[in-house]
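Below is one structure, written out as structure tokens; comments come after it.
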Amino acid sequence: ASFNKAFKKRFGISPSKFREDKDYQLPFREPIKNRISMENLSEQPEIRVINDFMVIYVTAIGAYGDYNTESAWKTVCGFAGRKNLFGPNTEFLGVSYDDPKITEPERCRYEACVTVKADVKPDGKVGVKTIQGGKYAVFKLLGPFTLLAPSYDYIFGHWIPENNVTLRDEPGFEKYLKSPDSTPPNELETEIWVPIR
């Protein structure tokens, strides 16, 4: 049922109707590269191999970038501050699990993550997990977070199929290199980590 709903939402026709109509052409989007400017995103990624690492995180459910996302960041950073977990090598990551073009915005899942070195135990809304290491394609984005959606469109709609890239069955993540609290939106820097084979 979930597949049928997602298929119809994406292509405007049910899977059964598509199977019945042999001449029907799925309305694929026009090439991503022609629709958006990639001036802010590196067109070719840097390939990196990393080890597993630990994070504390708080989950937000809702449209990406809304109040729930902001609240998750306040909670996880407040916890890290109280426990003296911040250090010179602390990194801030976001893990997005859903495509808002397919999943209703109010059901999109996001994790606000802070890397930790110490042995930390879960506490209330704050969980502890391992981000899987391995091989990643790392894209660099310069500019506001509103450019993340078209960047993902480019990566998954253009770069991956054009380069015959195979994804690993792990979620990717965003690494925020500059704080939005002290950096103008146009000067923000974000790395998009895509797990590949």
(message) Using the side chain to side chain donor-acceptor pair (under 3.5 Å) criterion, which residues pair with Tyr57? Sequence neighbours excluded.
(response) none
(request) In plain terms, say whether Lys178 and Glu187 are close enough for a salt bridge, that is, a side-chain N and a carboxylate O under 4.0 Å apart. (result) no
(message) Whether Glu111 and Lys129 form a salt bridge (side-chain N of Lys/Arg under 4.0 Å from carboxylate O of Asp/Glu) is what I want to check.
(response) yes
(message) Does either side chain, that of Tyr136 or that of Glu191, offer a donor lying less than 3.5 Å from an acceptor on the other one?
(response) no
(request) Return yes if some donor-acceptor pair links the side-chain N/O of Asp52 with the main-chain N/O of Gly133 below 3.5 Å, else return no. (result) yes
(message) Under a 3.5 Å threshold, yes or no: a donor from one side chain and an acceptor from the other, between Trp73 and Tyr176?
(response) no
(request) Please list, chain by chain and in numerical order, all residues satisfying side chain to side chain donor-acceptor pair (under 3.5 Å) with Glu106, sequence neighbours excluded. (result) none
(request) Kindly give the heavy-atom pair with the smallest separation between Val126 and Val58, and that separation in Å. (result) CG2-CG2, 3.9 Å
(message) For the backbone of Arg109 and the side chain of Asp98, can you confirm whether one donor and one acceptor N or O come within less than 3.5 Å of each other?
(response) yes
(message) Going by side chain to side chain donor-acceptor pair (under 3.5 Å), name the residues that satisfy it together with Ser16, two or more places apart in sequence or in a different chain.
(response) Ser14
(message) With a 3.5 Å distance limit and no angle check, can you tell me whether Thr183 reaches the backbone of Pro180 through a side-chain donor-acceptor pair?
(response) no
(request) Could you check Tyr154 against Trp159 for side chain to side chain contact (heavy atoms under 4.5 Å, CB included), going step by step and ending with a plain yes or no? (result) CA-CA 6 Å; Tyr154 168 77; Trp159 183 80; 4.2 Å; yes
